[in-house]
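Lettering of chains follows the sequences in order, A, B, ..., and the numbering in each one begins at 1.
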Amino acid sequence: MQTSTLILLLAALSFFAYYLGVAKAKAVSSGHVRNLHSLPRYYGYYTALWCILPALLLLVVWLIFDDTLISQLVIASLPPEIQQLPEEQLGLFMNQIRNLVYNEAFSSSDDPVARAAAEHYRFLKHLSQRCLFVIALACAIAGLSWARHHISPKLRARNRVEKLLEFFLIASSTIAILTTIGIVLSVLFEALRFFKLVPVTEFLFGLHWSPQMAIRPDQVGSSGAFGFIPLLTGTLLIAAIAMIVAAPIGLLAAIYLSEFASRKIRTVAKPMLEVLAGIPTVVYGFFAALVVAPFLRELGAAIGVPISSESALGAGLVMGIMIIPFVSSLSDDVINAVPQSLRDGSYGLGATQAETITQIIIPAALPGIVGGLLLAISRAIGETMIVVMAAGLTANLTLNPLQSVTTITAQIVGLLVGDQEFDSPKTLAAFALGLVLFLITLALNVLALHIVRKYREQYE
Amino acid sequence: MNNEITTAELIAGTVKKRRAREKRLKLYGIAAVVAGVILVVILMASIVSLGYKAFWQSFIALDINFDPEVIAPGGIRDPDTLRQADYGLLVKRALKELFPDIRNRRQKRALYRLVSVGAPDVLRKMVMKDPDLIGTVKTVWLPAHSDVDMFMKGYINPDEPESQRRLKDFQLAWIQRLIHENRLEKRFNSLFFLSGDSREPELAGILGALMGSIYTIIITLLLSFPLAVAAAIYLEEFAPKKNFWVDLIEVNINNLAAIPSIVFGLLGLAVFLGFFGLPRSTPLVGGLVLALRTMPIIIIASRSALKAVPPWIRQAALGIGASKMQMITDHVLPLALPGMLTGTIIGLAQALGETAPLLMIGMVAFVVDIPKSFLDPATVLPVQIYLWADSAERGFVEKSAAAIIVLLLFMLIMNALAIVLRKRFERRW
């Protein structure tokens, strides 16, 4: 609350600083703007930036460190017998104090020491907030007056402002790298901790997956509980069913729309298919779990084949529907990229349109189509909500699409949702699965992008 | 000579076959497109048919006697007394008055269960708003229990054997009587739009999830749009060609756009919750994760918008003495902005439907209160759909489908906005 007020105040101040800067620049220009190095507004930006940036930096640093510092101060003020507690118990005690401070209504601690400490904590917090308020404002005003004082006709305000802006642009573009590093590190660290409990070979080649066993302490890392093969086969089975649905429909639709269809049909049918791409996956999950799965079960009952209500078939079919527009729009792009000269050459030799398509265009576009299909597979493997809602959680090692199987993503969700402890092998296993998922999709994506790029270069 | 004729004959003989093959391929193509369109129609139709009924809900009219002895004993009317009064008793009395001949305790309990457990709350709100009601008798439409609602909507078949039904024969008789007396009817379900989640299907609403979604999307927009545009400008306008770091950034962006969203959830769990210790289940963390997820999409769209600005705009700007940064901020950016905004809206519509990463950071909590800030525990619309769809009760399935309709409407609006923006500002050079 106080922080947001402070930020608003700083913003207002820097707004004010802009006008001060412009006014000062005009004042020192001895009557004509052309005497200044930069346009007056740049002097305004310069002053405003000097006003707000140091203060914001201070604010961020303060907010990062103040909680740790206050905790240290509170611990130092505790009676010595509590200070000498082992670290974990001290942490628990501090949590109790924080609970007292932040949500008094929910905490029922009557410990007078804790209450006194909480009071102290609250006092320090209050003090810290006020100090921050005063210091940040002082910092802003100091920055403002320093910059304003410095304004002279020779000041290269534009160059400085532009330098800063360019720095911001570079920093923004590195976020992509930072995100990847963040993903790799966060998944890798937890996965490595998991592999300390469960050997890698067992994880990669084990045929049994039943993470629930690991709750019992004597079962931690016990053999067979964390075998990843059934998850892999389940994932691949569902992805395969999805591709059997999506690849022919998507591909044929793309061929029809790009080669046969008139403009009119194209402008109507293409957006219709693309609607499928815009629908959130949770909607497909709902459709799979509450429409398709019951339908399949009843169909199975009618023809005397037992179909599980969490069958791989149901999840795979719906996932296939989801991927159709993905396949069709990628293939469409690729087919459109085939040069017209190839088509003309083929027609010139007397080939029909169908022959041109099957014997000229498809072979020419094949690398691109394969790349697109690989991307679609990667999408199917990483898809989460459909399998969470429509596939099971029990890991069956089977290739029968009528039975229930589980997937990597469904297990990650199953292991992490509602689980708060950060150190149990169950939680860590989810990160190991995340690592595997990341690596599989990364490999598929890199391969697919490489193929597509090679293909594009061929016709450029 | 002889040979020539046979070649011509050969060709003439195959023409029919070749034409047939041509037709066949075309037919397959049409079949595929039609199949796709039919699937869209089936998907939409099944969701609408499952969900549209949730916008109307059964209400029961009871003559409530706002007895001062129950609400404000001794004439004390301060808010605390009014808040804590036993409004359930008022509902029970009104029901008893309607059905005076029920003495059996089990039947009585079944009778009270016709009305939602949220009914006393409705009365409480009425009295708190207007204390002058105390002492009067008024007909109030109170939400019926979900089972009654399901019966009214035809989901409970009275022809089934009694033991398999959630409503017994005597309850059905009461319901018939209420309908006959015009005391039970379906009315527009404003509760659905005005309340948060609940354990009772008839009381559950989407407002909490909707607000959570809005807060999350605001964070996503504020973070991803400026950063993505800045990154796109750097890569398109400043970055040196054939530079290792620039290539690395480009590969990363393309990869991030194709990585499963659940992996971003793991990142959020380990980094934002584990390392930085940000509060669980909050729109702040959800928005951060979705911003990282959406950024690559916006960067790619923004870059193509920048590419579409013709080079002579740049040359002209530089030619009249603009600095490179001035050329970008004053000339290129305004021309590319509509394209960038279109990409951003499409990216945000995707983020609005994103579910899996938010499950990882604890936005699946059961939240009754409507979130009021970026730091309140919240859930979002897609997660709410997931939670309701997973629930065993029939009443929640209907709510889930209705929530999907609302979500799809929002996405439709966003996409329409993007199309309008593109049509309105698209420029051909």
pair [X]-[Y]: side-chain heavy atoms closer than 4.5 Å:
X      : Y      : value
B:I253 : B:L235 : yes
A:I361 : A:I335 : yes
A:T235 : A:V387 : no
A:F260 : A:Q353 : yes
B:R422 : B:I419 : yes
A:F286 : B:S400 : yes
A:L252 : B:V33  : no
B:I299 : B:S302 : no

At a heavy-atom separation under 4.5 Å, does [X] approach chain A through its side chain, its backbone, both, or neither?
X      : answer
B:P382 : both
B:A401 : both
B:L408 : side chain
B:L50  : side chain
B:F238 : side chain
B:T329 : side chain
B:L227 : both
B:L412 : neither
B:L256 : side chain

Does any heavy atom of chain B fall under 4.5 Å from the side chain of [X], the backbone, both, or neither of them?
X      : result
A:Y42  : side chain
A:L39  : side chain
A:M272 : both
A:F189 : neither
A:R158 : side chain
A:E383 : neither
A:I357 : side chain
A:I249 : both
A:V388 : side chain
A:V291 : side chain
A:T409 : both

[atom1] of [X]: more than 12 outside heavy atoms within 6.0 angstrom?
X      : atom1 : value
B:K23  : NZ    : no
B:Y28  : OH    : no
B:F374 : CZ    : yes
B:F275 : CZ    : no

Heavy-atom closest pair, residues [X] and [Y]:
X      : Y      : result
A:S38  : A:R156 : OG-C, 4.1 Å
B:K26  : A:Y256 : O-CD1, 3.9 Å
A:S378 : A:N445 : OG-OD1, 3.0 Å
A:P271 : A:R266 : CD-O, 3.9 Å
A:L273 : A:P325 : O-CB, 3.4 Å
A:M389 : A:A289 : O-CB, 3.5 Å

Winner by heavy-atom pair count (cut-off under 4.5 Å) against chain B, out of [options]:
options                        : answer
A:A448, A:A171, A:P280         : A:P280
A:I170, A:I255, A:L437, A:I279 : A:I170
A:T358, A:T281, A:L276         : A:L276
A:Y284, A:F287, A:F438, A:F168 : A:F287

For [Y], is there any backbone N or O sitting under 3.5 Å from a side-chain donor or acceptor partner on [X]?
X      : Y      : result
A:E190 : A:F431 : no
B:S281 : B:A365 : no
B:S213 : B:L381 : yes
A:S173 : B:Y234 : no

- Item | Residues A:E274 and A:S329: side-chain donor-acceptor under 3.5 angstrom |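 There is no such pair between these side chains.
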- Task: Pull out the residues in residues 176-184 of chain A that come under 4.5 Å of chain B, heavy atom to heavy atom, sorted by number.
- Result: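 Counting heavy atoms that sit under 4.5 Å from chain B, the residues of residues 176-184 of chain A involved are A:A176, A:I177, A:T179, A:T180, A:G182, A:I183.
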Count the heavy-atom pairs under 4.5 Å between each of [options] and chain A, then report the option with the highest count.
options                        : result
B:N255, B:N254, B:V37          : B:N255
B:L292, B:N415, B:L43, B:V15   : B:L43
B:Q326, B:E250, B:K324, B:E237 : B:Q326
B:A403, B:A228, B:P296, B:A258 : B:A258
B:R19, B:R21, B:M360           : B:M360
B:I328, B:V263, B:I249         : B:I249

- Using a heavy-atom cutoff of under 4.5 Å, enumerate the residues of residues 346-357 of chain B that contact chain A, numbered in order, or state 'none'.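 Counting heavy atoms that sit under 4.5 Å from chain A, the residues of residues 346-357 of chain B involved are B:G353, B:T355, B:A356.
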- Message: Determine whether B:R280 and B:D376 satisfy the following criterion, salt bridge (Lys or Arg N to Asp or Glu O under 4.0 Å), listing intermediate values before the conclusion.
- Response: CA-CA 9 Å; B:R280 247 178 111 81; B:D376 284 342; over 6 Å; no
